[in-house]
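Residue numbers start from 1 in every chain, and the chains themselves are labelled A, B, ... in the order their sequence lines are given, proteins ahead of strands.
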Amino acid sequence: MKAAAALLLVLNLNTATLVELETLPGVGPVLARRIVEFREKKGGFRRVEELLVIPGISARKWKLIKDKVEVKQNAG
Amino acid sequence: MKPDSAMSIVRELRRKGHEAYLVGGCVRDMVMQIEPSDYDIATSATPEEVVKIFPRTESIGAQFGVILVIYQGHAFEVATFRSDDAYIDGRRPTGVTFTDAKQDVLRRDFTINGLLYDPIEDRVVDYVNGRADIEARLVRAIGDPFARFQEDKLRILRAVRFGARLGYRIEPATWDAVVQMAPSIRQVSSERIREELVRILIEGQAAAGFHMLEQSGLRREILPEVQWNTHLERSLEMVPRGAQPDFAMGVLLHETPTDQVQGIIERLKFSRAEIHHVLALVENLPNFRKVRTMSLSQIKRFFRLFRFEDHLQLVRIHAVAAEEDLADYSYASRTYQGWTQQDIVPKPLISGEDLITLGFSPGPQFKEILTRVEDEQLEGRLLDHQQAVEFVIKNFGETKS
């Protein structure tokens with residue numbers, strides 16, 4: 001049920017929980033934590049491409065992730 | 001964020017022979033002595049040139065020539081100076097022409113967002129008289145406000161958002177255009193309206209923002225179901241900066257009839273989870289009146305509502321705004337704080353498997369038995385597995401097959 005939902009849903013980077021972030025391809029607990037820390041430090045994502053700033057998100061990993069995330073109620 | 005990395009990008013572009021400035025909201029913030037959260041850069045370099053200069057880039061909005069530069073652990077939007085061709089559908093230009101810095105700022109929305117900053121010379125370049133408007137605390141469209149709003153109707157709503165967030169007045173000619181063009185906000189997509197609306201709600205000045213939405217006639221266009229009154233104004237004053245969007249919507253809609261609330265949040269295309277939370281907030285508000293007469297099991301189940309803290313905040317906001325006493329809130333809050341998650345959702349004393357061991361056959365009765373046991377556990381009348389087993393045998397034993 002949870003896995004099926006994860007396949008269909010596009011995650012809002014500004015509200016996704018650690019557990020939800022871990023459903024992204026190539027994202028485990030460490031990267032999920034970094035994404036949340038980045039979000040908190042910055043006061044939110046302005047656009048999904050900012051994920052590329054996070055150490056560990058390579059261009060290759062980015063391609064796998066980018067269609068599965070979005071940014072709503074963005075900062076700025 | 002400190003401007004150092006953004007300055008390095010400007011310096012790098014200049015070194016390669018291009019013009020480059022910081023532009024937009026970050027310059028406004030710097031002039032206002034607020035630390036910007038992001039820096040945008042405008043340059044004479046074409047997107048292709050920008051991509052060549054910086055090792056890590058990502059193309060965003062390619063048709064507008066915007067490149068995201070990943071640099072020293074931050075992301076920067078680097079956009080080529082452009083002027084927009086005619087707009088289609090009140091939102092997107094049919095094309096763009098690369099041009100110079102002056103033309104680039106003249107296409108932007110408000111004077112306060114139209115400043116350029118040269119970080120090398122530490123000099124603000126102001127083609128739109130934006131500094132004077134920051135000084136006078138005014139939101140003023142660049143050029144003809146009607147033309148600006150015609151290009152992108154969302155700007156009508158954005159004028160209000162900037163006014164509220166910064167505590168600025170909207171300059172009279174711009175305000176006239178907001179009022180006269182308010183009905184055309186309906187041509188903007190629900191998603192874009194939602195984004196602006198949410199930002200008005202969570203940027204710390206929700207009451208001021210909604211006051212302007214009301215005065216301008218925008219509220220009637222986007223939220224005709226919502227009754228604007230003192231109670232709502234006071235309630236919105238208590239929505240903190242940085243509030244969760246669904247919580248803020250709960251505050252906004254807590255006096256609106258529930259059947260209409262659903263229509264509003266669906267129309268604005270909130271996510272399923274957000275819709276669920278907003279409805280839960282509005283629907284459960286009256287239950288706080290019963291909280292002091294609830295049994296332990298009832299109140300513990302009540303506390304299981306998702307993000308119960310939001311429910312507590314809403315009942316407090318509602319009571320303060322209505323100048324009602326805070327007894328229900330205080331009781332609920334104190335009780336909630338006094339319990340751990342373990343108290344509210346304890347580990348079950350007995351499972352379905354235990355019932356099978358006791359000789360019950362799986363069926364609808366299972367749920368009834370387990371709920372009764374949980375009730376007794378929440379009431380504090382059953383403390384361990386042994387007691388639960390005895391309770392089941394005593395109360396349900398005769399139905400044993």
Side-chain angles (χ1 to χ4, degrees), chain A residues 1-21 23-24 26 30-31 33-76, chain B residues 1 5 24-26 28-29 34-40 54-62 66-77 113 161-162 165 191-192 194-203 241-249 268-274 277 306-307:
Chain A
M1 176 67 194
K2 206 160 199 181
L7 288 176
L8 297 171
L9 277 178
V10 175
L11 286 184
N12 178 2
L13 286 178
N14 280 338
T15 55
T17 62
L18 286 170
V19 179
E20 287 170 335
L21 289 168
T23 64
L24 294 170
V30 174
L31 267 187
R33 165 72 54 197
R34 279 189 199 151
I35 293 170
V36 169
E37 278 168 7
F38 178 85
R39 174 172 83 196
E40 284 167 0
K41 204 169 124 225
K42 234 193 127 263
F45 282 88
R46 192 153 72 132
R47 48 173 72 257
V48 290
E49 289 85 353
E50 282 180 300
L51 275 179
L52 282 162
V53 167
I54 293 164
I57 301 203
S58 59
R60 192 178 54 83
K61 206 170 267 189
W62 164 243
K63 286 205 177 73
L64 298 174
I65 295 172
K66 67 176 179 186
D67 294 329
K68 299 182 167 60
V69 291
E70 66 180 352
V71 164
K72 282 195 203 167
Q73 286 92 41
N74 44 351
Chain B
M1 196 207 305
S5 312
C26 67
R28 179 197 67 222
D29 287 350
I34 297 169
E35 188 169 301
S37 57
D38 291 283
Y39 292 88
D40 294 342
F54 299 98
R56 293 192 67 201
T57 58
E58 181 73 19
S59 172
I60 50 179
V66 184
I67 301 291
L68 195 75
V69 173
I70 314 294
Y71 194 77
Q72 297 179 348
H74 299 288
F76 302 89
E77 281 184 25
N113 296 334
R161 174 162 71 83
F162 282 113
R165 164 176 160 181
E191 288 86 350
R192 295 180 84 216
R194 180 197 63 225
E195 291 285 299
E196 285 303 315
L197 202 59
V198 162
R199 290 171 79 162
I200 290 172
L201 283 169
I202 68 174
E203 287 183 346
R241 187 186 146 94
Q244 289 294 317
D246 45 10
F247 170 71
M249 286 302 290
L268 289 170
K269 305 233 168 68
F270 278 91
S271 71
R272 287 238 305 270
E274 287 168 322
H277 193 53
F306 178 64
R307 279 165 48 197

Q: Quick one: which of B:Gly73, B:Cys26, B:Gly25 has the most heavy-atom pairs under 4.5 Å with chain A, could you say?
A: B:Gly73
What's the spacing between [X] [atom1] and [Y] [atom2] if we round to 0.5 Å?
{"X": "B:Ile60", "Y": "A:Arg47", "atom1": "CD1", "atom2": "CZ", "value": "3.5 Å"}
{"X": "A:Phe45", "Y": "B:Asp38", "atom1": "CZ", "atom2": "CG", "value": "11.5 Å"}
{"X": "B:Ser37", "Y": "A:Lys41", "atom1": "OG", "atom2": "NZ", "value": "12.5 Å"}

Q: Name, in order of residue number, those residues of residues 49-59 of chain A that have a heavy atom at a distance of less than 4.5 Å from a heavy atom in chain B; otherwise write 'none'.
A: A:Glu49, A:Glu50, A:Leu52, A:Val53, A:Ile57
Q: Decide yes or no on side-chain contact (heavy atoms from CB on, under 4.5 Å) for A:Lys72 and B:Glu191, but give the supporting numbers first.
A: CA-CA 9 Å; A:Lys72 282 195 203 167; B:Glu191 288 86 350; over 6 Å; no
Q) So do A:Arg46 and B:Glu77 actually touch side chain to side chain, heavy atoms under 4.5 Å? A) yes
Q. Checking heavy atoms, do the side chain of B:Gln72, its backbone, both or neither come under 4.5 Å from chain A?
A. neither
Q: Below 4.5 Å from any heavy atom of chain A, which atoms of B:Arg272 appear? Answer side chain, backbone, both or neither.
A: neither
(Q) How about CZ on B:Arg307, more than 12 heavy atoms from neighbouring residues, nucleotides or ligands closer than 6.0 Å, or not? (A) yes
